[in-house]
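First the structure, in the form of structure tokens, and then the observations on it.
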Amino acid sequence: MRVAAQIDVNAPADAVWAFVDDPGRYLHFMSGVTRWEVVGEQASGLGARYRMLMRVGSAEIGGLVEVVEHTPGCDMAWVSVVGIDQRGRWRLRSRGTEHAPRTHVELRLSYGVAGAGVFGWVAEHVAAPTVRAHLRRSLHQLKRQVEHEQLRTAAAARRAARVG
């Protein structure tokens, strides 16, 4: 099953990427995710591994994932190593102008219950609305946090200019 969500964030792509590329922030904006922890010494980038779990109904699904594509400020993709079969992708694209930067953010997740036959197919389809809602909520929370951080940074710069 493949689900996706997208949103426009009123901030430059680098500001959004700072959240997307920091595994320590995932539990703060990823809806339904109950665990996103670094496994190994590499915290981010190509080859980084994370143990992730997402609550879907009464179950927590997920497993160990590895980053297989990492283009800073632009794209990150992961695949499952152990656990439920999944592939995920963050895609960031700059929009707007220099004075009004905007970033189009897309989050995709494909998942499946390998070898489960018709029962797996049913489980995937039953879970889809919940997973899709988690993705949408995650993007709204990401937008809120990134835009809030942009406002805080701008206010700090204004205060520093007044004092200096």
Side-chain angles (χ1 to χ4, degrees), residues 1-9 11-95 102-147:
M1 175 63 49
R2 181 177 173 171
V3 293
Q6 52 192 322
I7 199 165
D8 285 336
V9 179
D14 290 342
V16 179
W17 185 257
F19 279 76
V20 169
D21 196 40
D22 182 355
R25 293 184 177 191
Y26 272 57
L27 292 178
H28 298 285
F29 72 86
M30 289 294 290
S31 173
V33 173
T34 59
R35 177 169 295 174
W36 190 280
E37 60 189 21
V38 175
V39 175
E41 295 181 21
Q42 186 175 342
S44 66
L46 192 62
R49 288 184 169 200
Y50 309 107
R51 172 139 168 79
M52 71 81 64
L53 294 174
M54 177 184 282
R55 180 164 299 283
V56 179
S58 62
E60 287 185 329
I61 60 170
L64 180 66
V65 298
E66 180 175 338
V67 175
V68 294
E69 184 179 329
H70 188 268
T71 307
C74 192
D75 290 293
M76 179 171 52
W78 66 89
V79 297
S80 58
V81 176
V82 176
I84 191 165
D85 183 34
Q86 66 170 299
R87 297 171 189 273
R89 174 177 296 278
W90 285 102
R91 176 165 281 166
L92 281 60
R93 297 294 181 257
S94 293
R95 304 253 171 97
R102 197 175 70 217
T103 303
H104 183 75
V105 181
E106 186 175 351
L107 176 56
R108 296 185 210 161
L109 185 64
S110 299
Y111 61 92
V113 182
V118 71
F119 294 111
W121 182 86
V122 169
E124 291 169 18
H125 283 75
V126 167
T130 301
V131 174
R132 189 173 293 111
H134 282 318
L135 295 187
R136 284 189 194 124
R137 211 169 304 119
S138 295
L139 290 181
H140 284 284
Q141 290 173 175
L142 173 67
K143 174 184 173 72
R144 184 178 51 80
Q145 288 185 21
V146 170
E147 290 178 356

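This structure is a prediction, so every number in the text was calculated from the model and none was measured.
- A search for side chain to side chain contact (heavy atoms under 4.5 Å, CB included) contacts involving Pro129 returns nothing, not counting sequence neighbours.
- Note that the CG atom of Leu135 and the CE atom of Met30 stand 6.5 Å from one another [nearest 0.5 Å].
- Of the possible polar contacts, one joining the Thr103 side chain to the Ala11 backbone as a donor-acceptor pair under 3.5 Å is found.
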Give every donor-acceptor pair under 3.5 Å between a side-chain atom in residues 35-43 and any protein atom, sequence neighbours left out.
| unit_1 | atom_1 | unit_2 | atom_2 | d |
| --- | --- | --- | --- | --- |
| Gln42 | NE2 | Ser44 | O | 3.1 |
| Gln42 | NE2 | Leu46 | O | 2.6 |

Practice problem: Step by step, work out the side chain to side chain contact (heavy atoms under 4.5 Å, CB included) result for His28 and Phe19. | Solution: CA-CA 10 Å; His28 298 285; Phe19 279 76; over 6 Å; no
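- Using a 4.5 Å heavy-atom threshold, the side chains of Arg91 and Cys74 count as separate.
- Within the 3.5 Å criterion, the main-chain N or O of Val3 finds no donor-acceptor partner in the side chain of Tyr111.
- Judged as a side-chain hydrogen bond (donor to acceptor under 3.5 Å, both in side chains), and not counting sequence neighbours, Asp14 has no contacts.
- Partners of Phe29 by ring pair (Phe, Tyr, Trp, His ring centres under 6.0 Å), not counting sequence neighbours, listed by chain and number: Tyr26.
- Listed here is the closest heavy atom pair of Pro23 and Tyr50: CB-CE2, 3.5 Å.
- Here the CZ atom belonging to Arg25 is positioned 14.5 Å from the CD atom belonging to Gln141, to the nearest 0.5 angstrom.
- Contact of the Leu142 side chain with the Val20 side chain is registered, since non-hydrogen atoms from C-beta on lie closer than 4.5 Å.
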Practice problem: Under the side chain to side chain contact (heavy atoms under 4.5 Å, CB included) rule, what do Glu147 and Val16 come out as? Steps first, then yes or no, please. | Solution: CA-CA 9 Å; Glu147 290 178 356; Val16 179; over 6 Å; no
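- With rounding to the nearest 0.5 Å, the separation of CZ in Arg137 from NE2 in His134 is 6.0 Å.
- Summarising the local packing, CZ of Arg2 is surrounded by 12 or fewer heavy atoms from other residues, nucleotides or ligands at distances under 6.0 Å.
- Rounding to the nearest 0.5 Å places CD of Gln6 at 10.5 Å from CZ of Arg136.
- With a 4.5 Å cut-off on side-chain heavy atoms, Trp78 and Leu109 count as touching.
- Residue Ser31 comes nearest to Ser138 through the heavy atom pair N-OG, 2.7 Å, listed as atom of the first residue, atom of the second, then distance.
- Pairs engaging residues 102-112 under the salt bridge (charged side-chain N to carboxylate O under 4.0 Å, His left out) rule: Asp8-Arg102, Glu106-Arg108 [sequence neighbours left out].
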Using a 3.5 Å cut-off and no angle test, enumerate the donor-acceptor pairs between side-chain atoms of residues 51-72 and protein atoms at least two apart in sequence or in another chain.
| unit_1 | atom_1 | unit_2 | atom_2 | d |
| --- | --- | --- | --- | --- |
| Arg55 | NH1 | Ser58 | O | 3.4 |
| Arg55 | NH2 | Glu60 | OE2 | 3.4 |
| Glu60 | OE2 | Thr34 | OG1 | 2.9 |
| Glu66 | OE1 | Arg49 | NE | 3.0 |
| Glu66 | OE1 | Arg49 | NH2 | 2.9 |
| Glu69 | OE1 | Arg89 | NH1 | 3.3 |
| Glu69 | OE1 | Arg89 | NH2 | 2.9 |
| Glu69 | OE2 | Arg89 | NH1 | 3.1 |
| His70 | NE2 | Asp21 | OD1 | 2.8 |

